Amino acid sequence: MVITRFAPSPTGYLHIGGLRTALFNYLWAKRNGGKFLLRIEDTDRSRHNEEAVKAILEAFEWVGLESDDEVVYQSQRHEIYRKYIDQLLEEGKAYRCYMTKEELDKLREEQIARKERPRYDGRYRDFQGTPPEGIEPVIRIKAPLDGTIVVDDKIKGKIEFRVQDTLDDFIIARADGSPTYNFVVAIDDALMGVTDVIRGDDHLSNTPKQIVIYQALGFDIPNFYHVPMIHNEKGKKLSKRDGATDVMEYKREGYLPEALLNFLVRLGWSYGDKELFSLDEMIKLFDPKEINKSASIYNIEKLNWINREYINQKSSEELAQLLNISPTPVIELVKNRCSTLVQLEQEVKKIVERPTQYDSKSLKKHFKELNRELLKEFLEKIQNSNISCEDALSSILESRGVGMAKLAQPIRIALVGVAQSPSVVDIMKILGKDEVVFRIEKLLAEVQ
RNA sequence: GGCCCCAUCGUCUAGUGGUUAGGAUCCCAGGUUUUCAUCCUGGUUACAGGGGUUCGAAUCCCCUUGGGGUCGCCA
């Protein structure tokens with residue numbers, strides 16, 4: 001059974017980098033008929049932010065990625081961690097360190113001054129004496145003193161970390177007794193039965209520490225896949241300052257969740273020349289071992305294209321529902337000119353609602369004296385007979401011997417206020433003669 | 001700075017010793033369209049640099065350069 005997880009820390013909203021990681025985990029679990037789990041990393045009490053948790057869950061709901069079990073909150077598992085800390089203490093694999101923060105800071109400064117790597121010096125590792133008064137100790141793990149730790153990463157290959165320049169006896173529990181990140185990650189992954197850890201490669205350098213924990217506790221080491229970051233246009237790690245990184249912002253801007261997922265899955269992964277993937281196809285085809293080694297730069301153009309594709313795959317009924325409006329044939333008329341639902345909404349309004357103003361450039365070009373004359377003739381014709389708007393249009397063009405644009409363009413301006421729109425014939429059919437008459441009279445009356 | 005990772009069109013990518021280096025997006029041009037959009041056709045643009053290995057390197061090795069990540073009693 002393949003069990004994967006996504007483990008965000010609730011410091012804010014879910015951003016697209018996180019969503020991609022979650023998606024990778026989700027797909028891999030589903031492909032193997034396994035489980036995808038969600039865990040909130042809030043060991044640090046100051047990090048437990050109800051709002052943020054809600055925001056993250058809301059985003060997952062929107063895109064439709066569900067955890068297969070109840071969401072795990074680390075803040076509720078302190079007893080479990082306590083138990084393992086005690087165990088390591090008893091077995092002599094961890095120890096109390098009475099060094100104060102100030103002493104530690106000083107040590108670090110000195111080391112940096114000497115151009116050495118800041119590193120705990122192990123002064124309490126084998127301490128037997130009486131502990132200093134009034135100091136709440138932290139708990140440190142006994143890390144190996146030399147040799148190497150190998151991370152067998154399924155994307156990047158085997159990576160060797162020399163203990164001497166990557167590890168020290170790091171803290172697994174703070175002075176207040178609360179456990180630290182690398183410690184609980186290893187425990188929770190093991191206890192939750194996680195077999196495959198797919199996460200950002202900013203965690204790569206944490207992995208040796210976690211391996212130390214796995215080994216100390218006798219847990220099996222899972223498969224690691226460290227996926228490259230998504231960078232912003234400047235080539236830097238995506239941060240909250242980089243515009244629309246909040247997943248829910250994409251909802252507000254009119255992107256479809258399936259389009260966003262499709263966009264994200266192609267960042268760092270591909271399947272031949274295939275660009276469009278339904279969720280089922282992704283599940284069938286995705287393999288984290290095929291993820292690229294290099295970072296990719298986030299670029300919205302492709303997303304816009306994908307979103308347009310998905311919008312056009314949808315029926316008018318579905319789109320009406322998404323826009324929360326009643327179905328109208330107008331949607332069919334305009335959907336192929338929209339990259340987002342927001343645009344679609346605007347395009348629908350442009351036709352359904354009467355123009356409140358007329359574009360001056362369009363007027364200047366297509367509402368000259370002859371156009372006005374033709375428009376008046378058209379208006380009279382449809383008012384005084386049963387002729388359809390379409391027939392009236394072509395009959396006038398024929399009798400006057402003028403090109404289509406001479407009359408169609410002023411009609412268009414009357415109908416929607418600008419010189420660009422879908423076919424005027426189609427619009428007139430949908431609007432009906434009365435409304436066409438009204439809008440033409442309005443233009444004639446308001447613009448001299 | 002130490003350690004680690006990475007390097008093909010502007011961007012996302014295909015490519016695993018022999019290809020006119022392919023696709024997508026973007027951009028441009030032409031066609032279609034009463035207009036705009038769609039659609040169709042075509043086009044511009046890439047193996048970071050230098051050494052090897054080899055009959056032959058985008059593909060393997062090394063160096064340089066460039067970029068990124070990480071170095072907490074944060075996660």
Side-chain angles (χ1 to χ4, degrees), chain A residues 7-11 40-44 46-47 74 97 99-101 104-105 108 112 115-119 136-140 151 153 155-157 159-162 164-168 170-182 184-185 200-208 226 228-229 231 233-237 263 266-276 292-306 308 312 333-339 347 362 365-366 393 397 402-409 411-413 416 418-425:
Chain A
S9 85
T11 49
I40 303 296
E41 310 246 312
D42 54 358
T43 55
D44 186 350
S46 63
R47 286 218 172 213
Q74 291 185 326
C97 169
M99 196 172 183
T100 62
K101 248 181 197 157
L104 226 197
D105 287 344
R108 263 200 272 264
I112 290 168
K115 294 204 177 0
E116 289 170 19
R117 182 174 73 88
R119 188 185 188 194
E136 282 302 324
V138 298
I139 314 294
R140 288 181 182 273
V151 177
D153 190 88
I155 293 175
K156 313 234 184 205
I159 301 161
E160 281 193 19
F161 292 89
R162 288 212 320 237
Q164 284 173 331
D165 42 40
T166 42
L167 272 181
D168 59 6
F170 58 94
I171 292 170
I172 59 173
R174 304 179 181 95
D176 67 4
S178 63
T180 59
Y181 172 74
N182 287 113
V184 298
V185 165
D201 73 4
D202 49 342
H203 287 280
L204 191 54
S205 48
N206 280 325
T207 310
H226 286 97
M229 305 273 87
H231 287 158
E233 263 94 348
K234 295 192 200 84
K236 298 265 200 283
K237 187 176 175 179
F263 170 69
R266 283 287 285 98
L267 242 42
W269 180 78
S270 62
Y271 188 80
D273 288 342
K274 195 169 166 58
E275 295 287 350
L276 266 16
N292 279 173
K293 292 177 172 182
S294 56
S296 41
I297 291 176
Y298 166 86
N299 178 286
I300 194 109
E301 286 167 349
K302 192 95 166 229
L303 207 211
N304 286 334
W305 172 75
I306 293 174
R308 176 187 287 253
N312 278 284
L333 218 52
V334 299
K335 74 177 186 185
N336 72 3
R337 49 216 297 133
C338 304
S339 297
E347 290 297 316
S362 303
K365 191 163 180 196
H366 301 290
L393 175 61
L397 294 178
V402 295
M404 177 73 129
K406 289 274 191 293
L407 179 51
Q409 288 299 69
I411 293 177
R412 192 189 311 280
I413 294 170
V416 301
V418 294
Q420 300 83 34
S421 82
S423 152
V424 287
V425 170

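On a predicted model such as this, the values are computed, not experimentally measured, just so you know. Computation of the quantities below employed the complete heavy-atom set of this structure, encompassing side-chain atoms and omitting hydrogens, waters and symmetry-equivalent molecules. Letters go in sequence order (proteins before strands), and every chain restarts at 1.
Residue A:N292 places at least one side-chain N or O closer than 4.0 Å to OP1 or OP2 of B:A14. Residue A:K293 places at least one side-chain N or O closer than 4.0 Å to OP1 or OP2 of B:C6. Neither OP1 nor OP2 of B:U70 sits under 4.0 Å from any side-chain N or O of A:R117. OP1 and OP2 of B:A24 both lie 4.0 Å or more from every side-chain N or O belonging to A:R266. Regarding contacts with the backbone of B:U70, every side-chain N or O of A:T166 stays at 4.0 angstrom or more from both OP1 and OP2. Regarding contacts with the backbone of B:A75, a side-chain N or O of A:T43 is found under 4.0 angstrom from either OP1 or OP2. One finds no side-chain N or O of A:T11 lying less than 4.0 angstrom from the OP1 or OP2 phosphate oxygen of B:A75. Using a 4.0 Å cut-off, no side-chain N or O of A:K236 falls inside it from OP1 or OP2 of B:G69.
Checked against B:G72, B:A75, B:C4, the side chain of A:P118 finds its nearest nucleotide in B:G72. Side-chain atoms of A:S294 lie closest to B:A7 of the nucleotides B:U70, B:U35, B:A7.
With hydrogens and angles ignored, a donor-acceptor pair under 3.5 angstrom links the side chain of A:K302 to the base of B:C12. A donor N or O paired with an acceptor N or O is not found under 3.5 Å between the base of B:G2 and the side-chain atoms of A:E116. Between the side chain of A:D42 and the base of B:A75, no donor-acceptor pair under 3.5 Å is found. Looking at A:E301, its side chain comes within 3.5 Å of the base of B:G10 through a donor and an acceptor atom.
Residue A:N206 contributes atom CG, which lies 18 Å from atom P of B:C3 at whole-angstrom precision. Atom CG in A:L267 sits about 18 Å away from atom P in B:A24, given to the nearest Å. Taking atom NZ on A:K335 and atom C1' on B:C39, their separation rounds to 15 Å, with Å as the unit. Put simply, NZ on A:K156 is 12 Å from P on B:G69, counting in whole angstrom units. In this entry the distance linking CG of A:D153 with P of B:C4 reads 15 Å, nearest Å. Atoms CG (A:N299) and C1' (B:G10) sit 8 Å apart, rounded to a whole Å. Counting to the nearest Å, the P atom of B:C73 and the CZ atom of A:F170 are 11 Å from each other. Whole-Å rounding puts the A:H231 NE2 to B:G67 P distance at 12 Å.
Atom CZ of A:R308 is separated from atom SG of A:C338 by 7.5 Å, given to the nearest 0.5 angstrom. Taken to the nearest 0.5 Å, the OG atom of A:S423 stands 7.0 Å off from the CG atom of A:L333.
A gap of 44 Å separates the P atoms of B:U33 and B:U19, to the nearest Å. Comparing B:A21 with B:A57, their C1' atoms are spaced 13 Å from each other, to the whole Å. Taking the C1' atom of each, B:G43 and B:G23 are spaced 16 Å apart, rounded to whole Å. The gap from the P atom of B:G30 to that of B:U38 amounts to 16 Å, rounded to the nearest Å. When the C1' atom is compared between B:U8 and B:C3, the two are found 28 Å apart, to the nearest whole Å. Atom name C1', nucleotides B:A46 and B:U13: the rounded distance is 12 Å, in whole Å. Comparing B:C27 with B:U11, their C1' atoms sit 12 Å apart, to the nearest whole Å. When the P atom is used for both B:C61 and B:G22, the distance is 25 Å, rounded to whole Å.
Judged as a side chain to side chain donor-acceptor pair (under 3.5 Å), and not counting sequence neighbours, A:T180 has no contacts. Checked against side-chain contact (heavy atoms from CB on, under 4.5 Å), A:E160 has the following partners two or more places apart in sequence or in another chain: A:T148, A:V150.
Heavy atoms of A:S421 sit under 4.0 angstrom from at least one base atom. A:R119 comes within 4.0 angstrom of no nucleic acid atom, judged by non-hydrogen atoms across all strands. Heavy atoms of A:I159 sit under 4.0 angstrom from primed sugar atoms or phosphate atoms, though from no base atom.
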Should A:K101 and A:L104 be marked as a side chain to side chain contact (heavy atoms under 4.5 Å, CB included) after you check the CA-CA gap, both sets of side-chain angles, and the distance that decides it? CA-CA 5 Å; A:K101 248 181 197 157; A:L104 226 197; 5.5 Å; no
Applying side chain to side chain contact (heavy atoms under 4.5 Å, CB included), run through A:V185 and A:E41 and close with a yes or a no. CA-CA 8 Å; A:V185 165; A:E41 310 246 312; 3.4 Å; yes
Stepwise side chain to side chain contact (heavy atoms under 4.5 Å, CB included) check, A:K302 with A:E275: CA-CA 10 Å; A:K302 192 95 166 229; A:E275 295 287 350; 3.4 Å; yes
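A donor-acceptor distance shorter than 3.5 angstrom exists from the side chain of A:T207 to the backbone of A:H203, with no hydrogens or angles considered. When atom types are taken as modelled, the side chain of A:R412 and the backbone of A:P422 share a donor-acceptor pair closer than 3.5 angstrom.
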Short heteroatom pairs, N/O only, protein and nucleotides 32-34 of chain B, under 3.5 Å:
unit_1 : atom_1 : unit_2 : atom_2 : d
B:U34  : O2     : A:R412 : NH2    : 3.3
B:U34  : N3     : A:R412 : NH2    : 3.0
B:U34  : O4     : A:S423 : OG     : 3.4
B:U34  : O4     : A:V424 : N      : 2.9

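Comparing A:Q74 and A:S205 by the nucleotide of RNA chain B that holds the closest heavy atom to each, the one mapping nearer the 5' end is A:S205. Place A:F263 and A:L104 on RNA chain B by their nearest nucleotides, and A:F263 ends up nearer the 5' end.
In this structure B:C26 sits in no base pair that meets the Watson-Crick or G-U test at under 3.5 Å. Pairing for B:G2 is with B:U70, a Watson-Crick or G-U wobble pair whose two hydrogen-bonding atom distances lie under 3.5 Å. Across all strands shown, B:A57 has no partner, as no Watson-Crick or G-U wobble contact with both distances under 3.5 Å is found.
Side-chain contact, A:N292 with A:S294: no donor N or O sits under 3.5 Å from an acceptor N or O.
Between A:L407 and the choices A:L393, A:V424, A:V402, the side-chain contact (heavy atoms from CB on, under 4.5 Å) rule is met once, by A:L393.
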